[in-house]
Q: 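The following block contains the structure, expressed as structure tokens.
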Amino acid sequence: MVKAVVGDETQLQLAEDRLSQFSLPAQVGLVIGKLSSTLERGFVFDLVPTPQNDAGQPVCSVLEASKSDSKKGSKPKSRTSDSSSSLVIDKDWVAEHARQVSRMMVGGMKVVGIYVWASEAAFKNSTMVLCQTVKGVAAAASFCDDDMDERLLIHISYSPRRWTCRNCTLSSNITSSSLQPCDFKMGRVLTSLQTFKCLYNFDLRLPIYQGKASNSQMLSDVLCNAISIYAKELRGAKAMIDGNLVVNDETCKTDGLHEVELLLPFMKDTYIEACSQKDVIGIVSFIGSVCSFSFLNSKEPISQAIADIKDDIIRSLQSRLDIICDEADGDLGPTDNGITEESNDLSSEKPVSELVLHSLRKNCNLSFPRRVFVPWLAGTFISDYLQSSETLEVLKDHCVELMSMEAPNDASTILEPEEEALRVITRSFWDVVVPCSSAPSSSQEKSKEIISAENSQKSIKSPKVNFIAAVFFLLLSVIVGYTLVRKS
Amino acid sequence: MEKNNRSIRVECRKLLITRNESDLQWLIGSAFFPPLTILSTFRCIHSDPSGPDFHRESEEIRTLLLKGFDVIGALIVGKSDTEKTAARAIEAAWKLRKVLSGRTNSVNEETIGAVADPDTGDIRFFVSEAEGSTSLELTNSVSYDENPEKFVWETGCLLRCEIPIKLPFCFPVNKPSEVENIFLRAVEAVIAKFKDPNVVYMVEASSKASSDVVQPVILRGEELDFDTALPNIELLDKAVHNSDQKLLPCAHFCLKNKSTPELFSAENADIIQISVLLNRSEKSPKCKAPAVEYFPAMEETRLLIVDFNLEVLCYAVQGIPLMHAVSKLVIPGLVDQLNSMKKMTLPNLLTQHPQLHPYHFILPGIAHPITVIYELNYGETEMKQVDIRRSLHLRLGLPFDRPLIRIANALDLSTKDRSSNSSTRKGSSLLRDVHIGIPGSGVSGGSVSLVQGSYEYYHYLQDGFDDSGWGCAYRSLQTIISWFRLQHYSSIDVPSHREIQQSLVDIGDKDPSFIGSREWIGAIELSFVLDKLLGVSCKVINVRSGSELPEKCRELAMHFENQGTPIMIGGGVLAYTLLGVDYNEATGDTAFLILDPHYTGTDDPKKIINGGWCGWKKSIDSKGKSFFLHDKFYNLLLPQRPNMV
């Protein structure tokens, strides 16, 4: 339960100036920050106004009860404290904004609620719609570790100029009690954040089983399922910060960038179903690296930074999958009729993520967008994803549109830790499942020799069989390039 | 080392050769001890006239022997030319050492060849410096240590590593013959993975008391040194505090103050826990965004998952650096255990996989623990398992009349808090072994023979059941059955009075009206119940008068030495449990260690001992009163140890 909220004095002052400068009758936007259940506190980093909707209209406007159908939002200086005025908010649009912005967040940084710039009376008359908007935002930008059942609603009233913060409980029905006032003050927030960075490499081999359940499984379903199972495993992982194992809940004393390393159990693949034998029709190789940042308030324990990093890694994978699926939906839309009844041979016209693996008899691949980090406020970063065809220009558009920030002029300040995913050289099923092919080590080669020598003695008739036959080894995480060029 | 200074050290109480039990015995030592220190012997059980079956011997010994211990020689029982026999022993030892370590170059450590005379039991020790050198040195300087546990555990500690491994692999359904090869290669890949630079070994103390202060240490695979041989590793001084985690000694995780000598035992050894983890954050300049690729299987393919539950125990001296303990003991231990399990799984790969589980045992007379892998799909009493245990008893020189390596005997390493294991044991709240620590018998110059192993003290009014005045024999029986339970001969619950009566009715000894009655039972009834419930047979000694009992002392002492079971004394009057005798053959002075079931108080050891409810009773005390009444007859029930393992 968040009892007190601290807003970053610099950013919120700027926001207030901005709001008063344009003298809008009303504005709604997202609150970026962090809620800490352990500290029972909320931190507000910045306020991001929701852009105009597709129709070019502001998302929030004041409705005067007396003049029922007046032009929304364009009312000149009608800031009279008319006791009957109320707010009209395009809730879906705000939620969509929250969904997109939440993809740009990194660890320890979230969409924690909404703010509204409105008169005292308009605010009072609009609690219903505001609560609904908060809930819509919470649903669109849900936290992975959903122990926080609340979001913030910040009201900036213009006369008198005053900031108030309320805590909106999500699970309860919308009543007056779902909004609880909480203590709000300004202070140093962004400048006291500590930075944690983590590179996370993974290599999943997901068997596709024969069976009714998998008959209609699309590639995106398989991946979505794998990510959610993998998230559980990751949550239990141990971690090191700057080479020291995190054992107890201390706070981090030192400044600067902290490197986080994640340690996972050895060959305990929870994502493989518990069964002793099962027929498989193929294998999905899901491999790559995720670069993650997380920002921690100096009062929070370091275990929170670890939890935020893990959270960020999982969200990053989910976000990328969402982006691919969104795009596929978009592509599919106009040509929908044409493609649905096509035979499987022509399925290549379908977006890869929507391929039904069960009926697919050939290799296919799909690259996830790569993650880039854009400098944000006070040394922090926000992230964005670039598809292989996209350039940094796309990024600038996102920054301006979604975060209402200035586009980064200097491209060198943008971090691009992830390279574009490798377009894989054609390999076969057995190539993928042979452990030796992915981890050449002397002992393995030796054993291979021994075994093949034995084989040639035993069954001279089928040397080819020996060659094809291969081991499938799901958590062999060593990637060729990765082992060879790894730093010490 | 000067040749004349060479001496053999025997850290083993039972290096005695009785009868012609086995031709060849392997001598066990450790690279951590001075060379030529013998800790125990393993009998060679697989051999034919041409010599030992080195392959089978090495397989079994590799599993049994904790990493940290080695075969350092061999002993042959024989009367022929001593020197030739010794040469034969040494040659066998060389060969086994080579097969065990998998190396092809010659053995260059000192190796012992011992020859024991089957009649006199005399052992002559010869030493060969290295393989190839033909000179054998007869070593006359042999010292026997009285306290091998202290020698092994004063400076030693245990390393424990447990990893459940899930090994999935695919094979083409139409070529099932391939599955074995694929499986073998999958196992090889796991073995390679133990030495992967990305693997991280987390080392932590296991006892709760010390884990509060000592932080776990992380050892990275890339830092491990697999090349230095164990004897060449420089031991670190315990006192030196090293800030470099790589060079921390095992002592870092061991309790510092170990002053009391009874703490020097395998049970009380410090255990260092080692976990294997995979570092997923290794830096690499080429960091690729995630990518997905789908590969359909072009032929009918099946996924097979084999589970391995590895649990390796290793011995190390506390001075050895942790990183070497991991690279030279833990990892080879994991590899060997995985290979053993692989071989056991291989024949049943496509059918039901064996449920293999390693257990660790501490055995009487052997200062070091051993490891056995059992297959849990079979019940323990099935013939196959019994045969496995029998052959292990044979190899380890253990008696065949007591279970010592059943699963219930295994060392319990899973509980983290081992500090309070003596008083609070799970399941039972009854007092155990109340006779330990009682005042002496007062027999001067007597030799004491006692019950072997633990029992629980059953007495009147326990469990809120009022049996005062009639239940003493029932209680004595319960104490005896608890002994059989605690020695793992049986897992049945100790029967209640009613259950005892029921079984007497069941065998037709009593009428059904007996159930629920308050009738006494005697030694004969006890023997029926023991036979019915446990299959235990008993010997009965009758004496017409209590005055005759001292004469039976020699026989009773023999019973405690050979059988070690508690004796029930019944007869004309009260029933007692007899736990031991103290007997001076020359003077005829005798005392009996009596556990009295007539006690009605609370389970307070002080009260029991002060009240004399458990204590030595002289047949005639200082006031001239006889403990055993002269005008009453007595029946002594001597349960016999079942001949089982």
Side-chain angles (χ1 to χ4, degrees), chain A residues 198-201 207 245 247 261-264 266-269 272 276-289 357 360-361 363-368 370 417-422 424 429 432-433 435 441 443-444 447 451 455 465 469 471-474 476 481-482 485-488, chain B residues 163-173 175 177-178 181-186 188-193 195-200 202 215-218 222 276-298 300-306 350 353:
Chain A
C198 178
L199 178 65
Y200 183 70
N201 310 304
L245 193 73
V247 257
E261 289 169 272
L262 293 177
L263 309 176
L264 273 92
F266 184 84
M267 304 209 56
K268 196 174 153 193
D269 310 344
I272 301 170
S276 66
Q277 279 195 47
K278 211 161 185 184
D279 286 338
V280 290
I281 53 159
I283 182 163
V284 170
S285 154
F286 185 25
I287 185 169
S289 305
L357 297 178
L360 191 68
R361 299 319 299 155
N363 290 18
C364 68
N365 55 41
L366 177 64
S367 297
F368 271 39
R370 66 196 170 97
E418 296 176 10
E419 283 179 29
E420 210 166 285
L422 201 66
V424 196
F429 176 81
V432 179
V433 298
S441 87
S443 66
Q444 279 172 357
S447 72
I451 289 163
N455 288 345
V465 174
V471 179
F472 163 44
F473 188 55
L474 280 153
L476 190 91
Y482 175 94
V485 278
R486 212 182 37 73
K487 273 193 257 170
S488 69
Chain B
I163 357 173
I165 290 181
K166 208 183 207 178
L167 185 62
F169 57 94
C170 278
F171 68 96
V173 176
K175 295 162 198 148
S177 56
E178 281 307 303
N181 286 328
I182 295 171
F183 171 66
L184 293 178
R185 284 162 68 181
E188 281 304 320
V190 178
I191 288 171
K193 189 122 188 155
K195 298 183 183 182
D196 191 286
N198 288 351
V199 167
V200 160
M202 183 173 76
Q215 301 279 306
V217 167
I218 291 285
E222 63 202 3
V276 189
L277 299 165
L278 219 63
N279 189 348
R280 289 300 199 168
S281 302
E282 284 296 308
K283 291 174 209 80
S284 93
K286 273 192 197 166
C287 158
K288 304 275 183 210
V292 178
E293 203 172 357
Y294 175 66
F295 302 93
M298 288 310 174
E300 228 184 307
T301 307
R302 193 164 289 164
L303 176 74
L304 197 60
I305 297 172
V306 180
L350 290 175
H353 298 161

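Not measured: the values here are computed from a predicted model. Numbered from 1 within each chain, the chains take letters A, B, ... in sequence-line order. Computed over heavy atoms, backbone and side chain alike; hydrogens, waters and symmetry mates excluded.
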Q: Can you tell me how far apart CZ (B:Arg280) and CG (A:Asn201) are? Round to the nearest 0.5 Å.
A: 7.5 Å
Q: Is it the backbone or the side chain of A:Cys364 that comes under 4.5 Å from a heavy atom of chain B, or both, or neither?
A: both
Q: Checking B:Val200 against chain A: side chain, backbone, both or neither under 4.5 Å from a heavy atom?
A: side chain
Q: In this structure, which one of A:Glu419, A:Arg370, A:Glu418 forms a side-chain contact (heavy atoms from CB on, under 4.5 Å) with B:Lys288?
A: A:Glu419
Q: Could you report the tightest heavy-atom contact between A:Val280 and B:Ala297, atom names first, then the distance?
A: O-CB, 4.4 Å
Q: What pair of heavy atoms forms the shortest contact from A:Leu199 to B:Glu282, and how long is it?
A: CD2-O, 3.8 Å
Q: Atom CG of A:Leu366 and atom CD of B:Glu293: how far apart are they, to the nearest 0.5 Å?
A: 10.5 Å
Q: Working to the nearest 0.5 angstrom, can you tell me the gap between B:Thr301 OG1 and A:Ile283 CD1?
A: 10.0 Å
Q: A:Glu261: what forms a side-chain hydrogen bond (donor to acceptor under 3.5 Å, both in side chains) with it, not counting sequence neighbours?
A: B:Arg220, B:Asn279
Q: Tell me if a side-chain donor or acceptor on A:Ser367 pairs with a main-chain N or O of B:Ala291 at a distance below 3.5 Å.
A: no
Q: Below 4.5 Å from any heavy atom of chain A, which atoms of B:Ile163 appear? Answer side chain, backbone, both or neither.
A: side chain
Q: Which atoms form the tightest heavy-atom contact between B:Ser281 and A:Cys198, and what is the distance?
A: OG-SG, 3.7 Å
Q: Where is the tightest heavy-atom contact between B:Pro216 and A:Leu245, given as atom of each residue plus distance?
A: CB-CD2, 3.6 Å
Q: Mind checking the OH-CG spacing from B:Tyr294 to A:Asn365? Nearest 0.5 Å is all I need.
A: 13.5 Å
Q: Taking all heavy atoms of B:Pro290 and all of A:Ser289, pick out the closest pair and write down the distance.
A: CD-O, 3.5 Å
Q: One pair to check against side chain to side chain contact (heavy atoms under 4.5 Å, CB included): B:Met202 and A:Leu263. What are the steps and the verdict?
A: CA-CA 10 Å; B:Met202 183 173 76; A:Leu263 309 176; 5.8 Å; no
